[in-house]
Novice: 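I have a structure here, written as structure tokens, and I will follow up with some questions on it.
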There are 2 protein chains.
Amino acid sequence: MATGRTHRPATRSRGIPEATVARLPLYLRALTALSERSVPTVSSEELAAAAGVNSAKLRKDFSYLGSYGTRGVGYDVEYLVYQISRELGLTQDWPVVIVGIGNLGAALANYGGFASRGFRVAALIDADPAMAGKPVAGIPVQHSDDLEKIIQGNGVSIGVIATPAGAAQAVCDRLVAAGVTSILNFAPTVLSVPDGVDVRKVDLSIELQILAFHEQRKAGEEAAASDGGVPAAATRGESADQGPDGDMPAVMPA
Amino acid sequence: MATGRTHRPATRSRGIPEATVARLPLYLRALTALSERSVPTVSSEELAAAAGVNSAKLRKDFSYLGSYGTRGVGYDVEYLVYQISRELGLTQDWPVVIVGIGNLGAALANYGGFASRGFRVAALIDADPAMAGKPVAGIPVQHSDDLEKIIQGNGVSIGVIATPAGAAQAVCDRLVAAGVTSILNFAPTVLSVPDGVDVRKVDLSIELQILAFHEQRKAGEEAAASDGGVPAAATRGESADQGPDGDMPAVMPA
DNA sequence: ATGTCTTTGTGAACGCGTGCACAAAGATGG
DNA sequence: CCATCTTTGTGCACGCGTTCACAAAGACAT
């Protein structure tokens, strides 16, 4: 900490805009990188550039947390890392279960980054009896019969669903009944949950389709600009008549 | 197609709000499910419920595409599937390359859903020479030396980055230089790209951190409601002093 | 101490997205 | 052909998020 700290403790955690919350992890990552390079302070301009956002937005975001900057100087990196971590709840550790240990589930389990920010893989759960006991990422897979026991025994409140779409809602219901109140869903389904339960969704298929939309638009505009009207770029079109929705375990839906 | 079609072809693809574009894949999935069950028509109310959105929002979304409904009846499922597919550019097939065949890259490659909506894995690329030639999901991994050749030879315009964070920007630069104009980034980094290139980001760590924030807020409110003020739920806190940012290949950043 | 220079914190304007509520359109039955 | 009933398409208002632009705060030099 380079300079004096007038900063107020700022317990006004309430009322932080959702959009701001979604950016805090971004700032935190950039700040962590600076911290590792032992950079003592950073200006909103620099940090915003590192996080890929507008500097005014960043300052406004931070203003919701409290007044943690020093005018004329910038923000104290270590102090800000601590404040954001605290705000995000990363100063405690969160036991997480992953349900559905297919390709994606295994990839998630193997992902070392879990441990690095207050998250800990408490258990891996799969419905396949053949998987039971088999270690993935050093953790033995447990059968889904024991799901409730596992959740409650470990005080798990965050669950990750990496099952096929068809199983997702049932798994979700069991997780919620067992006490899970936050779910990260990789299955291509809309989960319905009671009030008070948060669901976030990661859906590769949707992301790709959004990219395809813009890609098509680019191609169309390019074609319209150069010659006639019919899109011409990146074609290899066969119109892909796919079979029924494969109800896949992994990232991508339909 | 049950009833008469007054619908206009609606080539006004321009000016579809981004939020709407992001929901189109959701509608498409719900419609595909209906189509497989041979449901001929669906009302905005039903479809909205299936997609987990407000019916007014859905109708407004569709209104950007054109007038594809029939008052008093609803929407023709098959016709709408076609229109949305076309709007999203899914009537042509998009060759995609995946760069970085670690746990996640392999999971993505194995994901059958790729083929099911106009996307085709054209190549798998990894920097590790030991991986070269090794088949993953039936596709031989190619070395990143040949990246440019592969991109150009297959007319690839969409690239998926599943490399460690440290390699992501370099890979990105090469992809863009080779002609890729849409990137789906799984690496925990902010990619900088020239204008005209779209980047979408999937970041497990951020999703988890957002969940943790809300989880903490719930716990805090609960505690405040019952007794004193200090949060008490779901604790197992050890404050997780993690090592340096592991620069992991997979989904999760820091 | 005083002035200058940097950088924060925020008031205000703007634009996008959402949801209500209803008129218009069309189907359906008599 | 008319009345009724269902469901779409959308005008409108509201709220959230973003961005600009600037005054206030503080560091630093003299």
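Letters go in sequence order (proteins before strands), and every chain restarts at 1.
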Novice: So among A:Y82, A:Y27, A:Y79, which one has a ring-ring contact (aromatic ring centres under 6.0 Å, His included) with A:Y68?
Specialist: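 Filter result, single survivor: A:Y79.
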Novice: Please tell me if the side chains of B:V202 and B:N185 come closer than 4.5 Å, counting only heavy atoms from C-beta onward.
Specialist: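 No; the side chains remain at least 4.5 Å from each other.
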Novice: When you get a sec, tell me which of C:dT8, C:dG11, D:dC20 is the closest nucleotide to the side chain of A:K60?
Specialist: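 Among C:dT8, C:dG11, D:dC20, the one nearest the side chain of A:K60 is C:dG11.
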Novice: From the list D:dG9, D:dT18, C:dT8, which nucleotide is the closest neighbour of the side chain of A:Y75?
Specialist: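 From the listed options, C:dT8 comes nearest.
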Novice: Taking CG from A:D76 and C1' from C:dT7, how many angstroms apart are they, rounded to a whole number?
Specialist: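 About 15 Å, once rounded to whole Å.
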Novice: Of the candidate nucleotides D:dG9, D:dT18, D:dG26, which contains the atom at the shortest distance from the side chain of A:A19?
Specialist: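 Given the options D:dG9, D:dT18, D:dG26, the side chain of A:A19 is closest to D:dT18.
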Novice: How long is the line joining CG of B:N54 and C1' of C:dA21, in whole Å?
Specialist: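 For the pair B:N54 CG and C:dA21 C1', the rounded distance is 12 Å.
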Novice: Where the side chain of B:A56 is defined as all heavy atoms beyond and including C-beta, which of C:dA27, C:dA21, C:dT18 is the nearest nucleotide?
Specialist: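 Output: C:dA21.
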Novice: Without decimals, in angstroms, what is the distance between A:Y68 OH and C:dT10 C1'?
Specialist: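 For the pair A:Y68 OH and C:dT10 C1', the rounded distance is 17 Å.
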Novice: Whole-Å distance between C:dT18 C1' and B:L58 CG?
Specialist: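 That distance rounds to 13 Å.
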Novice: What is the distance, to the nearest angstrom, from the CD atom on A:E18 to the P atom on C:dT18?
Specialist: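 Spelled out: CD on A:E18 to P on C:dT18 is 14 Å.
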Novice: Taking CZ from A:R59 and P from D:dA23, how many angstroms apart are they, rounded to a whole number?
Specialist: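 Checked: the CZ to P distance equals 15 Å.
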Novice: Is the distance from OP1 or OP2 of C:dT10 to the nearest side-chain N or O of A:R71 less than 4.0 Å?
Specialist: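 False: A:R71 side-chain N/O out of range (4.0 Å or more) of C:dT10 OP1/OP2.
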Novice: Rounded to the nearest 0.5 Å, what's the gap from CG on B:L58 to CD on B:E46? Could you check?
Specialist: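 Between B:L58 CG and B:E46 CD, I get 11.5 Å after rounding to 0.5 Å.
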Novice: Assuming nearest nucleotide by heavy-atom distance, tell me which of B:S44 and A:D61 is located more 5' along DNA chain D.
Specialist: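 The residue mapped nearer the 5' terminus is B:S44.
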Novice: In this structure, how many angstroms lie between the P atom of C:dT6 and the CD atom of A:E46, rounded?
Specialist: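 After rounding, the gap between these two atoms is 14 Å.
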Novice: Calculate the interatomic distance between B:K57 atom NZ and D:dC14 atom P; express it in whole Å.
Specialist: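 Spelled out: NZ on B:K57 to P on D:dC14 is 19 Å.
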Novice: So, do B:D93 and B:F119 sit near enough that their side-chain heavy atoms are less than 4.5 Å apart?
Specialist: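 No; the side chains remain at least 4.5 Å from each other.
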Novice: Would you please indicate if the ring centroids of A:F62 and A:Y75 are separated by under 6.0 Å?
Specialist: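 Yes, the ring of A:F62 comes within the 6.0 Å limit of the ring of A:Y75, centre to centre.
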